[in-house]
Q: 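Structure provided below as structure tokens; questions to follow.
Quick caveat: nothing in here was measured; it's all calculated off a predicted structure.
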Amino acid sequence: MAEVGFIEPLPAETGVTSDYDPSVVESDFCSVTSSINEHIWEYGRRYQVFRYGRYPLPNDDEEINRELLKHVMFKEMLHGKLHLAPIGENPQKIIDLGTGSGEWAIEVGDNFPSARVIGVDLSRIQPVWLPPNVEFFVDDVEDEWMQPSDFDYVHLRVLCTTLQDPRKVMAKAFENLKPGGWIELQEFNPRIGCDDGSVPPDYPLQKFYDQLQTVFWEHYGFDIRFIEKAPACLEKLGFVNIQQRVFHLPIGAWPKDQHLRTLGAYFREVFAEMIPAMTASAFPEFGIDALETNELMQSIQVALGNRRFHSYVPVHFVWAQKPVS
């Protein structure tokens, strides 16, 4: 059995020991529960403990590094841009839900120095040294938003797959956007694509995604393919000017095009670093045989390095506007 231990919440006077010292305090942004600061060590990794139990992905240094690489990958995908929604040159208030390591919020703060930029996440893993217009709150975005505000832009990147009720969060965003403000969702759609028939029917990465879908839905209530429903959901909530772009993100450095090959190399690393965290903890814990899990992980590692498999994952960018009147 895995060794389990809890970390006590850090006292307010804890000194800063690194750029990522967990010293960001709770806020009045949402209603904070008492477990917001609890962590648990399992399978050699640190996890957040919250209302539905242990958060399925770690929040330790290894995961921070993966988040940073993922941020670089998304910027490369957009040729240096941080968003696609037309938020203008002078937004005044921006919020990043599920900010993770906070790199997106920090760069947006640098790009828009007149804007107040807020990042919200379950874990205190953001840097201490920040631009003066950027701040981070430790909260659950699925709780009630305690301090409504007129935001110009609400940003969610790879968040909907770990929400129990993404529609509720989008509804809260609608309520707290100013008229004419924008929401943008950036999400992986975990369906393996291939345009030339090079991916076999038993492709291990698709098997992983199928098992992940079952585990997340049955044990957490997460719909990892919610992004497919997002445009219709936004329309029902009252958003207008709904737009969508879908990028085909290569899995591995198989494309001839340099830009796509770079993206594929990034995603291979992002994917490869996520697999051990998931297969070592969530899969065995929820009844998937350990031997089967190990075999799947090994077959994934082989597939990630095989350039004959011309596979990709769709990445959906969906943005919409709150009506002006």
Side-chain angles (χ1 to χ4, degrees), residues 20 22 24 26-27 29-33 36-37 39 47-52 54-60 63-75 82-83 85 93-109 117-127 130 134-146 149 151 153-174 176-177 182-190 216 220-227 230 233-234 270 274 277-278 315-319:
Y20 286 88
V24 181
E26 303 92 5
S27 73
F29 179 76
C30 296
S31 54
V32 182
T33 66
I36 192 73
N37 291 322
H39 300 84
Y47 296 83
Q48 179 77 40
V49 177
F50 213 51
R51 78 178 122 88
Y52 43 69
R54 174 174 49 75
Y55 189 76
L57 285 170
N59 66 352
D60 52 18
E63 182 63 13
I64 290 173
N65 290 334
R66 194 178 76 88
E67 283 285 312
L68 296 175
L69 181 59
K70 187 168 65 179
H71 174 68
V72 172
M73 182 186 72
F74 268 84
K75 281 186 65 179
L82 295 171
H83 57 86
K93 206 161 189 183
I94 296 171
I95 187 166
D96 183 26
L97 303 181
T99 193
S101 59
E103 293 301 313
W104 185 92
I106 292 169
E107 291 196 26
V108 166
V117 181
I118 297 170
V120 183
D121 200 87
L122 289 177
S123 294
R124 303 197 287 187
I125 59 172
Q126 299 79 31
L130 303 172
V134 177
E135 55 191 320
F136 294 112
F137 294 155
V138 180
D139 281 310
D140 178 9
V141 300
E142 292 196 77
D143 281 342
E144 291 300 316
W145 292 17
M146 305 298 290
S149 185
F151 290 104
Y153 179 50
V154 177
H155 175 259
L156 301 82
R157 186 168 72 186
V158 195
L159 177 65
C160 290
T161 53
T162 53
L163 293 176
Q164 292 180 325
D165 192 352
R167 185 191 180 282
K168 175 183 175 182
V169 174
M170 292 157 63
K172 287 295 180 184
F174 185 87
N176 290 282
L177 276 168
W182 291 86
I183 185 173
E184 181 169 346
L185 291 71
Q186 306 173 358
E187 296 283 342
F188 299 112
N189 185 1
F216 271 25
Y220 295 103
F222 300 158
D223 180 2
I224 66 174
R225 292 173 178 150
F226 172 81
I227 193 61
C233 182
L234 289 166
V270 169
M274 179 186 70
M278 292 302 307
V315 181
H316 292 232
F317 288 72
V318 181
W319 61 100

Q: Is Asn176 close to Val154 at the side-chain level, that is, under 4.5 Å between some pair of heavy atoms?
A: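 Not touching, per the 4.5 Å side-chain cut-off.
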Q: List the atom of Ser101, the atom of Leu68, and the distance in Å for their closest heavy-atom pair.
A: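 Minimum heavy-atom separation between Ser101 and Leu68: OG-CD2, 3.6 Å.
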Q: In Å, rounded to the nearest 0.5 Å, how long is the span from CH2 of Trp182 to CG of Leu177?
A: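 Separation between the atoms: 11.0 Å.
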Q: Could you tell me which non-hydrogen atom of Pro127 sits nearest to which non-hydrogen atom of Ile106, and how far apart they are?
A: CG-CD1, 3.8 Å
Q: Is the closest side-chain heavy-atom distance between Leu159 and Glu187 below 4.5 Å?
A: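 Heavy-atom side-chain distance check passes, below 4.5 Å.
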Q: Less than 4.5 Å apart, any side-chain heavy atom of Leu156 and any of Ile183?
A: yes
Q: How close do Leu185 and Ala230 get, heavy atom to heavy atom, and via which atoms?
A: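 Result for this residue pair: CD2-CB, 4.1 Å.
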Q: Could you give the distance from CG (Leu163) to CD1 (Ile224), rounded to the nearest 0.5 Å?
A: 13.5 Å
Q: Please tell me if the side chains of Thr99 and Val120 come closer than 4.5 Å, counting only heavy atoms from C-beta onward.
A: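 No, side chains not in contact.
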Q: Side-chain contact, heavy-atom cut-off 4.5 Å: Tyr153 with Val108?
A: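 Result no, sub-4.5 Å side-chain heavy-atom pair not found.
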Q: Rounded to the nearest 0.5 Å, what separation is found between the CZ atom of Phe317 and the CZ atom of Arg157?
A: 8.0 Å
Q: Please verify the inter-ring angle class for Phe222 with Tyr220; under 30° counts as parallel, over 60° as perpendicular, anything in between as tilted.
A: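 Taking Tyr220 first and then Phe222, their aromatic rings lie parallel (interplane angle under 30°).
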Q: Between the side chain of Glu184 and the main-chain N/O of Ala85, is any donor-acceptor distance below 3.5 Å?
A: yes
Q: Once rounded to the nearest 0.5 Å, what's the spacing between atom CD1 of Ile95 and atom CZ of Phe151?
A: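 These two atoms lie 4.0 Å from each other.
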Q: As an exercise, state the distance from CZ of Phe216 to OG1 of Thr162, rounded to the nearest 0.5 Å.
A: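 The distance works out to 7.5 Å.
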Q: Is it true that a side-chain atom of Arg225 and a backbone atom of Pro190 form a donor plus acceptor pair closer than 3.5 Å?
A: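 Looks like yes, one N/O pair under 3.5 Å.
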Q: So Glu103 and Glu67, do their side chains get closer than 4.5 Å, heavy atoms only?
A: no
Q: Got Glu144 and Lys168 here, is their nearest side-chain heavy-atom distance under 4.5 Å?
A: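 Yes, at least one pair of side-chain atoms sits under 4.5 Å.
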Q: Hey, what do you get for CG (Asp165) to NZ (Lys172), rounding to the nearest 0.5 Å?
A: 11.0 Å
Q: Can you tell me if Glu107 uses its side chain to pair, donor with acceptor, with the backbone of Leu82 under 3.5 Å?
A: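 No: the side chain of Glu107 does not pair with the backbone of Leu82.
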Q: Are the side chains of Phe188 and Val158 in touch, meaning some heavy atoms are under 4.5 Å apart?
A: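 Yes - at least one pair of side-chain heavy atoms lies under 4.5 Å apart.
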